[in-house]
Amino acid sequence: MARYNPKEVEPRQRAAWDAVDAFAAGPPDDPRPRYYVLEMFPYPSGRIHMGHVRNYALGDVIARYKRARGFNVLHPMGWDAFGMPAENAAMERGVHPKGWTYDNIANMRAELKRLGLSIDWSRELATCDPAYYGQQQRWFLKLWKRGLVYRKEGVVNWDPVDNTVLANEQVIDGRGWRSGAVVEKRKLTQWFLRITDYADDLIEGLKTLERWPEKVRLMQENWIGRSKGLRFRFAFAGYTPTGFADGLEVYTTRPDTLFGASFVAIAPDHPLAERVAAYHRDAAAFIAECRKGGTTEADIETGEKLGFDTGLWVQHPFDPQWRLKVWIANFVLMDYGTGAIFACPAHDQRDLDFARKYGLPVRPVVLPPGADPETFAVGEEAYTGPGTIFKSGFLDGLDVESAKAAAIERIEAQDQGRGATVYRLRDWGVSRQRYWGCPIPVIHCAACGPQPAPDDQLPVVLPDDVTFDRPGNPLLRHPTWRHVACPACGGPAERETDTLDTFVDSSWYFARFTDPKAVEPIDKTAADAWLPVDQYVGGIEHAVLHLLYARFITRALKDEGLMSVAEPFAGLFTQGMVTHETYRTTDAAERWLSPADIETRDGVLVEAQTGVPVTVGGIEKMSKSKKNTVAPEDIFDAYGVDAARLFVMSDSPPDRDVQWTAGGVEGAWRFVHRVWNEFDTQPEGVDIAVDMAGDERAKALRQATHRLIKSVTDSIESFRFNTGIARLYEFLNVLKGAPVAGASPAVLAARAEALQALARLIAPFTPHLAEEAWTRLGHEGLVVQTPWPTYDPALAAEDEVVLPVQVNGKRRWEIRVAAGLEPAEVEKIVLGDEEVTRRLDGLSVRKVIVVKDRIVNIVAG
RNA sequence: GCCCCAGUGGCGAAAUGGUAGACGCGGUAGACUCAAAAUCUAUUGUCGAGAGACGUGCUGGUUCGAGUCCGGCCUGGGGCACCA
């Protein structure tokens with residue numbers, strides 16, 4: 001009897017899979033139904049962390065399960081290989097980003113292979129490979145031709161640490177998503193992708209994504225932020241400023257409150273504000289002050305409403321005699337709606353704050369239900385609820401929604417505006433002033449303007465000979481790379497030196513995986529065969545960023561005819577994080593300590609090296625800064641890969657955070673050994689066909705086996721891997737209750753049947769152990785090539801059930817009856833039970849409720 | 001401020017409206033051992049000797065029956081945030 005040794009078994013079983021190329025996706029004419037399972041591909045930081053282990057183990061369970069269920073599974077892996085860390089390494093350590101990246105890829109590939117993932121490695125790709133980003137340049141130019149790419153000057157988010165521009169989605173709480181630096185506003189000319197063209201589609205599409213978490217759909221919907229309202233023009237009263245002969249256009253979602261108008265306000269960046277500033281020094285000073293304020297969180301929190309009276313007046317659209325003042329206001333945003341609003345202080349808090357500060361009129365026009373129209377007034381809080389419109393001319397008596405429609409209708413009839421839909425979503429700025437990214441394949445000619453790089457010059461390859469001794473974009477200071485001939489006129493021209501946001505790279509890789517060597521960006525036949533991805537697995541942190549960009553690019557490429565699906569991911573699963581306790585020294589320095597650096601001495605937690613006492617802090621996401629990480633490689637060495645995989649899936653539901661504990665992984669490790677012992681003690685050559693009838697113990701084991709198959713299958717199907725694993729643990733306890741020692745031939749046969757099932761059921765979770773066990777049972781082939789076990793419903797069903805009997809909802813005793821017994825029969829048994837008189841305690845039976853195979857409740861009084 | 005999610009033993013967690021706490025961790029006792037580790041066995045929500053009672057953040061309600069459904073509140077987490 002040999003002790004299970006993962007260090008010996010695991011590499012051997014991986015070699016066995018490789019020898020038969022077990023995980024290659026089937027050829028195009030494969031008759032099996034296709035299933036595409038994909039985890040978000042990693043950034044090659046150099047090492048895998050526990051988050052990767054969990055992410056890829058979860059995906060691997062699905063891939064292995066689906067394969068066993070007879071699917072032709074595509075389960076590829078690649079590298080999101082462009083990005084800042086490579087350049088930082090170049091600047092800090094003098095290594096080349098390319099070398100650094102490919103070294104990291106080599107390391108991480110080896111680590112991921114060690115995890116025993118059932119990946120089709122023949123499809124591996126890296127986004128920094130010209131073979132990949134060249135194809136990206138191809139479709140980028142196609143989208144340019146389509147009008148989905150444009151260049152404009154605008155105020156952008158500038159990350160002063162990474163020295164680059166960031167998209168709105170990449171600014172979190174006023175800081176760069178990667179660097180954490182406070183983002184500044186800069187005016188730059190940038191490349192944009194017209195994601196707003198698809199705003200409506202992207203919202204509507206969410207409704208079709210039934211296998212996405214509600215939470216993610218909601219976040220995307222909020223991010224796109226569709227609102228319906230009215231866009232209309234105010235005519236100026238008295239003086240009309242130059243360039244505004246058509247009036248001033250505003251956007252509102254509350255046209256029902258137009259008779260409550262108090263003033264009109266424009267953004268400090270509004271062209272009219274600039275016009276006013278041209279002849280009004282105080283206005284110019286006010287605008288400058290607003291810009292300085294910035295958009296950081298703190299500024300907004302304390303942000304006081306500030307305004308500047310332009311001295312201009314406009315006419316109310318429903319009453320030309322009624323004049324409204326035009327203010328410049330710091331709370332009006334230029335890049336939402338039209339950058340101008342009409343204010344109704346009674347029914348909008350911001351307008352109210354502003355009106356109170358500057359002594360402007362507050363006119364309630366929505367009467368809350370039950371309020372008195374004579375006395376209703378607004379104090380310090382605007383009324384935004386439902387009600388009846390009053391003091392509003394032709395809108396009087398209508399409810400809010402009807403009044404909106406009526407007001408829009410009137411404005412449209414007057415030809416002053418139209419009902420409009422406005423989005424919060426902005427176009428996606430994709431220019432990055434960095435070296436390690438996909439070059440934007442454009443050539444700038446002073447005479448001809450920006451020109452697409454000619455097809456025969458693609459890919460536009462990054463030059464290798466660049467320097468990182470100074471900040472800024474190395475492409476900009478490369479001596480020769482930029483200088484090329486204009487493809488249109490042949491004159492001297494310059495390459496675009498901006499590279500693409502790395503989120504562009506990850507917006508289509510799932511499509512490239514369907515044929516990673518295609519001569520076109522996407523092989524339509526392969527893409528249409530495999531897409532959409534049946535199950536995508538990744539972190540919730542990409543709920544808006546990557547997942548929104550990928551949906552957009554998929555739609556754009558579909559419209560370009562490159563593939564046929566509109567939604568890239570039919571099913572999405574967002575897994576929780578791996579967390580760990582944090583530790584700090586109690587000395588003045590309060591240093592964070594790694595779990596590896598602490599130990600218990602005389603019952604006190606101390607730093608191993610110094611003996612300084614340690615306090616246990618919160619349970620947080622594993623991170624380098626808090627030092628609460630555990631290196632996967634160390635765990636693999638100590639407990640084996642299977643135990644690590646098992647533990648990250650066993651202790652929490654996959655979508656929730658899981659807390660890494662030393663005790664937990666030891667439990668998983670014990671399970672691995674106990675499973676092996678059951679296989680190891682089973683004698684060889686047991687006759688499984690022996691007659692088991694009449695042997696109660698054998699029958700009980702067989703029933704447990706078939707119930708196990710059912711419950712593990714159900715658990716995997718519903719992504720509740722933790723409960724599936726719990727059933728496996730439970731079953732092991734059953735097996736141990738029917739040991740080989742002293743077993744009848746029938747029990748031995750039942751054990752053999754149980755082990756045949758068990759080896760296959762654990763295969764998605766602990767694949768190496770499963771394979772070794774399968775071999776131990778004497779099979780020639782591999783578990784990975786063996787179908788999923790099936791259960792006999794008759795055996796899985798209970799034949800006797802214990803029914804709790806309640807009296808008035810309180811459990812009093814229980815009876816044992818045949819499963820499936822009709823309620824009337826059960827009632828007879830219960831009422832005939834001698835317990836009944838004792839338990840009723842003098843009460844009489846009023847009613848008996850029997851839920852078949854579940855419970856009996858006697859209502860007595 | 002708005003939107004969403006979650007509160008269950010010492011801990012991670014189970015539980016189609018039907019026996020709350022499966023399974024694991026930790027604890028306790030025991031076996032094996034010269035001893036320890038490992039392993040195995042039993043036990044482990046609280047109170048109670050026991051029968052039993054009480055227990056799923058608080059509070060109302062629906063129901064024969066509520067952790068689960070509905071209303072209000074509290075706490076924690078996440079998202080958005082001057083979006084007109």
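In what follows, chains carry the letters A, B, and so on, assigned in the order in which the sequence lines appear, proteins first and then strands, with residues in each chain numbered from 1.
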Problem - Atom-pair distance (CD on A:Glu666; P on B:C23), nearest Å - result: 21 Å
Handout entry: Interface residues of residues 851-859 of chain A with RNA chain B (non-hydrogen, below 4.0 angstrom)
Key = A:Val851, A:Arg854, A:Ile855, A:Asn857, A:Val859
Handout entry: Paired nucleotide for B:C80 [Watson-Crick or G-U wobble; both distances under 3.5 Å]
Key = B:G1
Practice task
In whole angstrom, give me the gap between the C1' atoms of B:C64 and B:G50.
Solution key: 30 Å
Problem - P gap between B:C23 and B:G45, integer Å - result: 12 Å
Exercise for the section: Could you work out the separation of B:U43 and B:C4 based on their C1' atoms and round it to a whole Å? Expected result: 43 Å
Practice task
Find the distance A:Asp335:CG to B:A84:C1' and express it as a whole number of Å.
Solution key: 13 Å
Problem - Any side-chain donor near an acceptor of the partner, A:Asn677 and A:Tyr4, under 3.5 Å - result: no
Problem - Side chains of A:Arg674 and A:Asn733, donor plus acceptor under 3.5 Å - result: yes
Handout entry: Nucleotide opposite B:G71 in a Watson-Crick or G-U pair, distances under 3.5 Å
Key = B:U59
Handout entry: Nearest-Å distance once atom C1' is located in both B:C74 and B:G57
Key = 7 Å
Practice task
Respond yes when some side-chain nitrogen or oxygen of A:Asn677 is under 4.0 Å from OP1 or OP2 of B:U39, and no when none is.
Solution key: no
Practice task
Indicate for each nucleotide in nucleotides 6-11 of chain B, in 5' to 3' sequence, whether protein heavy atoms under 4.0 Å reach the base (B), only the sugar-phosphate (S), or nothing (-).
Solution key: ------
Problem - Identity of whatever pairs with B:G52 - Watson-Crick or G-U, under 3.5 angstrom - result: B:C47
Exercise for the section: Tell me what A:Asp351 touches on the nucleic acid: a base, only sugar-phosphate, or nothing, going by heavy atoms under 4.0 Å. Expected result: nothing
Practice task
Write down the distance separating the C1' atoms in B:U68 and B:C80, rounded off to the nearest Å.
Solution key: 30 Å
Exercise for the section: Answer yes if the side chains of A:Asp427 and A:Thr196 hold a donor-acceptor pair under 3.5 Å, and no otherwise. Expected result: yes
Practice task
With sequence neighbours excluded, give me every side-chain hydrogen bond (donor to acceptor under 3.5 Å, both in side chains) pair touching residues 658-669 of chain A.
Solution key: A:Tyr639-A:Glu666, A:Trp669-A:His673
Handout entry: Touch class at under 4.0 angstrom, heavy-atom based, for A:Arg231 against every strand present
Key = nothing
Exercise for the section: Find the distance A:Phe331:CZ to B:A81:P and express it as a whole number of Å. Expected result: 18 Å
Exercise for the section: Would you mind checking if A:Asp714 and A:Lys710 are paired as a salt bridge, meaning a charged N to carboxylate O distance below 4.0 Å? Expected result: yes
Handout entry: Check ion pair A:Arg426-A:Asp335 (N to O, under 4.0 angstrom)
Key = yes
Handout entry: Integer angstrom distance from the C1' of B:U63 to that of B:A53
Key = 24 Å
Fill in the blank from the handout: side-chain hydrogen bond (donor to acceptor under 3.5 Å, both in side chains) filter on A:Glu381, not counting sequence neighbours, yields none
Problem - Integer angstrom distance from the C1' of B:C11 to that of B:A51 - result: 32 Å
Handout entry: Comparing A:Gly809 and A:Lys736 on RNA chain B - which has the more 5′ nearest nucleotide
Key = A:Lys736
Exercise for the section: Choose from B:A22, B:C40, B:A84 the nucleotide whose nearest atom is closest to any side-chain atom of A:Arg674. Expected result: B:C40
Fill in the blank from the handout: By nearest-nucleotide position on RNA chain B, the 5'-leaning member of A:Thr661 and A:Arg812 is A:Thr661
Completion exercise
Correct closest heavy-atom pair for A:Leu761 and A:Leu728 would be CB-CD2, 4.1 Å
Handout entry: Nucleotide B:G1, atom C1' - distance to CG of A:Asn222 in whole Å
Key = 14 Å
Fill in the blank from the handout: The correct set of residues in residues 209-221 of chain A placing a heavy atom under 4.0 Å from RNA chain B is A:Lys215, A:Leu218, A:Met219
Exercise for the section: Scan A:Tyr251 against the nucleic acid and name what it touches under 4.0 Å (heavy atoms): base, sugar-phosphate only, or nothing. Expected result: base
Exercise for the section: Tell me what A:Gly225 touches on the nucleic acid: a base, only sugar-phosphate, or nothing, going by heavy atoms under 4.0 Å. Expected result: nothing
Handout entry: Out of B:C80, B:G24, B:A15, whichever nucleotide has its closest atom nearest the side chain of A:Tyr729
Key = B:G24
Exercise for the section: May I ask you to verify if any side-chain N or O of A:Arg670 is less than 4.0 angstrom from the OP1 or OP2 atom of B:C25? Expected result: yes
Completion exercise
By side-chain contact (heavy atoms from CB on, under 4.5 Å), A:Ala668 pairs with (sequence neighbours left out) A:Ala643, A:Leu646, A:Phe647, A:Tyr729
Problem - N/O (side chain, A:Asn722) to phosphate O (OP1/OP2, B:A14) under 4.0 Å - result: yes
Practice task
Specify the separation, in whole Å, of atom CH2 of A:Trp660 and atom P of B:G12.
Solution key: 18 Å
Practice task
Determine the contact category for A:Ser650: base if any of its heavy atoms lies under 4.0 Å from a base atom, sugar-phosphate if only primed atoms, P, OP1 or OP2 are that close, otherwise nothing.
Solution key: nothing
Handout entry: Sub-4.5 Å side-chain heavy-atom contact between A:Leu258 and A:Pro317
Key = yes
Practice task
For A:Arg211, look at atom CZ and say whether over 12 heavy atoms of other residues, nucleotides or ligands are found less than 6.0 Å away.
Solution key: yes
Handout entry: Minimum-distance pair of heavy atoms, taken over all atoms of A:Leu758 and A:Leu708
Key = CD1-CD2, 4.4 Å
Problem - Nearest-angstrom distance from the residue atom CG of A:Asp348 to P of B:C2 - result: 14 Å
Handout entry: Candidates B:C54, B:U19, B:A15 - which lies nearest the side chain of A:Lys810
Key = B:C54
Practice task
May I ask you to say what A:Arg727 touches in the nucleic acid, namely base, sugar-phosphate or nothing, with a heavy-atom cut-off under 4.0 Å?
Solution key: base
Practice task
For A:Gln806, answer base if it contacts any base atom (sugar-phosphate contacts may also be present), sugar-phosphate if it contacts only those atoms, and nothing otherwise; contact means non-hydrogen atoms under 4.0 Å.
Solution key: base
Problem - For A:His316, the option from A:Phe263, A:Phe234, A:Phe259, A:Phe232 that meets ring-ring contact (aromatic ring centres under 6.0 Å, His included) - result: A:Phe259
Handout entry: Rounded distance in Å - CG (A:Leu708) to C1' (B:C23)
Key = 13 Å
Practice task
Tell me what A:Val332 touches on the nucleic acid: a base, only sugar-phosphate, or nothing, going by heavy atoms under 4.0 Å.
Solution key: base
Problem - Distance, P atom - from B:U62 to B:C70, rounded to whole angstrom - result: 16 Å
Exercise for the section: Indicate whether OP1 or OP2 belonging to B:A84 is found under 4.0 Å from a side-chain N or O atom of A:Ser227. Expected result: yes
Practice task
Figure out the OH/C1' separation between A:Tyr423 and B:A84, and round it to whole Å.
Solution key: 17 Å
Problem - Other residues, nucleotides, ligands: >12 heavy atoms within 6.0 Å of A:Lys828 NZ - result: no
